[in-house]
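Just below is one structure, and these are the notes that go with it.
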Amino acid sequence: MNFELHSFNPSSVSTEKTDVSLVFVPHDFQPAKDALSVLVAKALKSGDLSAKAGQVLHIYRPVGFAATHLVLVFAAAGAANDVRQGIGAAWACVKASRPKQLSLHFLQQPSAPGLRAAIAGLAEQTYTYTTTKSDEPGRTLAQVVVAVPDDLAVSTLFKRAVAAVHGVELAKEWGNRPANYATPTHLAGVAKALAKFDRIKVNILGPKEVAQLGMGAFQAVAQGSDEPLRFIELRYQGAGKAVAPCVLVGKGITFDSGGISIKPAAEMDEMKYDMCGAASVLGVFRALAELQPEINVVGLIASCENLPSSRSVKPGDVVTSMSGQTIEVLNTDAEGRLVLCDALTYAERFKPQAVVDIATLTGACVIALGGVRSGVFSAHDPLSKALVAAGESSQDLCWPMPLDDAYAEGLKTSFADVANVAGRAGGAITAAKFLQRFTAQYPWAHLDVAGTAWKSGATKGATGRPVSLLLDWLLDASMPGSAT
Ligand code: BES
Ligand code: MN
Ligand code: ZN
């Protein structure tokens, strides 16, 4: 889907030949003499367009307009939620006609949140998964024009919103693919394809290299499956070599059965989504490729399957992580922290300014925060605040969680330096406390996206979160201490 930014001109709405013209009407709409103004004024006066946020009036082949469909959307003050709701209602009116082109006209200059909500919202409405369907033609919408009174004023923001959409959609695609279409090797292939873009390099490690590095925790998870693990290292270099990079670390469990500590059958299919952290790292690199910002970013992905077999790691086994710390694997279903801890140790070599890991880590985080906000865990206050701020600006929300040392009590064991699980209480926090042991060398934050990376039920599907959050963080506030 291609997006273009134009400057708005009321008379162009009537002459524009397009499948759908969508017009956002502000609450303080001031009619002029052009055909659109006259129509909007009539629609408001008659009440056919009700002056309630998100309400729409759909007109087919409107007289005096070249567009096939005209949809007036009452956008009130242009708040993000009202714009999103309006886009949803408008798309519901026209989607059956399978439009190829659509224009979004803002009669009033949109706020930053309003513009982003329009672009992200339209992408969300029109996204269709096709990869493993034989009868799904997919998204027909190919050309989107965004028209605003002052296009220059929002062009940077527009580019970022569009790049975020492309990143989010890459993350959705790989999240949604079933595990037999999204193996660690497939994910490595995506990383290789990204390395074709300017400033991006990739390095893929397999079982041998990972063994050589001493990543015993990562290997322990992978050893139960015939599918070989992949450790993916992506580097985006947009600034000088002396500039310390931000490192993103993604959990890439392409299927989490739980291993020997096997999960119940119900909804186990959703564990194909256990690589959504990894997919978000790939999505961020897709957006960086498009924006070419002057920053340095490293993406690390530890990817494997977690399956039961005669070779699987067993409850009680002790493994040695790359950091040298020994870990008692009391529950093989707490595998995410095992693959992440070795990636976090590997991250030290980049002398990073900050490291953020992204993981569908715990069911407990779903209980704590539901599907609205991702959990942020960080002892580094400026970093935590910068991530929360990026969540707000990108409309990809997150919320800080505690990391008191007292939460680590349950990870103590007589048989290793640390156990991989504590009790049920505070499970999202104890998982973060486990990870924290491997992050002493740099400012670190952990994003638990177990509740936000995909939706269950009738609208089951990956969300592409937290690509937008990470992108805003990298572009606005990645320097620890620079958060405002
Ligand atoms: N991938 C799961 C976490 C998960 C579960 C995310 C359900 C979304 C929905 C993770 O590997 C896991 O199994 N975690 C366990 C940890 C427990 C064994 C301490 C969990 O949350 O139950
Ligand atoms: Mn698990
Ligand atoms: Zn998992």
Side-chain angles (χ1 to χ4, degrees), residues 175 179 182 184 187 217-218 220-225 229 249-280 301-308 312-317 327-343 357-375 377 401 407-411 413 418-435 446-457 460-463 465-466:
L187 295 187
F218 180 20
V221 177
Q223 75 192 32
S225 172
L229 66 77
V249 178
K251 171 179 173 182
I253 301 297
T254 57
F255 190 75
D256 179 14
S257 71
I260 297 297
S261 314
I262 198 161
K263 289 180 180 294
E267 276 119 52
M268 205 208 268
D269 65 286
E270 294 192 9
M271 285 298 116
K272 72 174 182 179
Y273 289 116
D274 212 17
M275 37 55 74
C276 282
S280 76
I301 289 170
S303 184
C304 67
E305 293 184 334
N306 184 24
L307 294 182
S312 293
V313 67
K314 304 170 292 299
D317 283 2
I327 303 164
E328 186 183 21
V329 182
L330 286 174
N331 188 320
T332 67
D333 197 11
E335 85 297 338
R337 59 199 81 180
L338 295 175
V339 309
L340 287 171
C341 72
D342 282 340
D357 76 71
I358 310 99
T360 49
L361 202 64
T362 64
C365 194
V366 188
I367 303 301
L369 294 172
V372 179
R373 288 181 189 256
S374 308
F377 302 77
M401 299 283 281
Y407 284 108
E409 281 302 307
L411 295 171
T413 164
V418 65
N420 78 328
V421 290
R424 270 168 54 83
I429 311 167
T430 56
K433 288 306 284 182
F434 177 92
L435 294 177
H446 157 59
L447 286 173
D448 194 330
V449 295
T452 53
W454 77 90
K455 289 182 184 154
S456 310
K460 192 194 279 185
T463 60
R465 293 176 70 180

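Both ligands and their constituent atoms are indexed starting at 1 by order of listing. Everything numeric in this text was worked out from a predicted model, so none of it was measured.
Here the CD atom belonging to E335 is positioned 9.0 Å from the CG atom belonging to L340, to the nearest 0.5 angstrom. Taking OG of S374 as the start and CG of L447 as the end, the distance is 6.0 Å to the nearest 0.5 Å. Between atom NE2 of residue H446 and atom CZ of residue F434 there is a gap of 12.0 Å, rounded to the nearest 0.5 Å. The CG atom of N306 sits 9.5 Å away from the CZ atom of F255 when rounded to the nearest 0.5 Å. Atom CG of D333 and atom NZ of K263 lie 3.5 Å apart (nearest 0.5 Å).
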**OP:** May I have the step-by-step check of side chain to side chain donor-acceptor pair (under 3.5 Å) for E267 and S456, ending in yes or no?
**Re:** CA-CA 9 Å; E267 276 119 52; S456 310; over 6 Å; no

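Shown here for A278 and G252, the closest heavy-atom pair between the two residues is CB-CA, 3.6 Å. Contact detail for A179 and T254: the closest heavy-atom pair is CB-O, 3.3 Å. Of all the heavy atoms in A450 and T362, the pair that sits closest is CB-O, 3.2 Å.
Contact analysis puts W454 in contact with ligand 1, with a non-hydrogen atom separation below 4.0 angstrom. Proximity of R424 to ligand 1 is not established, as no heavy-atom distance is less than 4.0 Å. Under a 4.0 angstrom heavy-atom cut-off, K263 registers as being in contact with ligand 1.
Of all the N, O or S atoms in D274, the one closest to the Zn ion (ligand 3) is OD2. Restricting D256 to its N/O/S atoms, the shortest distance to the Zn ion (ligand 3) is reached by OD2. E335 contributes atom OE2 as its closest N/O/S atom to the Zn ion (ligand 3).
Here the shortest heavy-atom distance to atom 18 (C) of ligand 1, taken over N331, D274, N420, belongs to N331.
Protein N/O/S atoms closer than 2.8 Å to the Mn ion (ligand 2): D256 OD2, D333 O, D333 OD1, E335 OE1.
Against a heavy-atom cut-off of under 4.0 Å, E335 is close to the following atoms of ligand 1: 11 (O). Those atoms of ligand 1 with a heavy atom of V421 less than 4.0 angstrom away are 19 (C).
Distance from atom 10 (C) of ligand 1 to its nearest protein heavy atom, with residue and atom name: L361 O, 3.2 Å. Of the protein's heavy atoms, R337 NH2, 3.8 Å lies nearest to atom 16 (C) of ligand 1. For atom 6 (C) of ligand 1, the closest non-hydrogen atom of the protein is A450 CB, 3.6 Å. Among protein heavy atoms, atom 2 (C) of ligand 1 sits closest to D256 OD2, 3.5 Å. The closest protein non-hydrogen atom to atom 9 (C) of ligand 1 is M271 CE, 3.6 Å. The single protein non-hydrogen atom nearest to atom 20 (C) of ligand 1 is G363 N, 3.9 Å, given as residue, atom name and distance.
Residue G336: no N/O/S atom is found under 2.8 Å from the Zn ion (ligand 3).
Backbone and side-chain nitrogen or oxygen atoms of D333 are examined, and one is located within less than 3.5 angstrom of a nitrogen or oxygen of ligand 1. The shortest N or O to N or O distance between T362 and ligand 1 is not under 3.5 Å.
Residue-level proximity to ligand 1 for K251 is carried by the side chain, the only part with a heavy atom below 4.0 angstrom.
Counting only distance, with no hydrogens or angles, the side chain of N420 and the backbone of N331 share a donor-acceptor pair below 3.5 Å. Looking at T332, its side chain does come within 3.5 Å of a backbone N or O of I260 through a donor-acceptor pair. Between the side chain of D274 and the backbone N or O of M271 there is no donor-acceptor pair closer than 3.5 Å.
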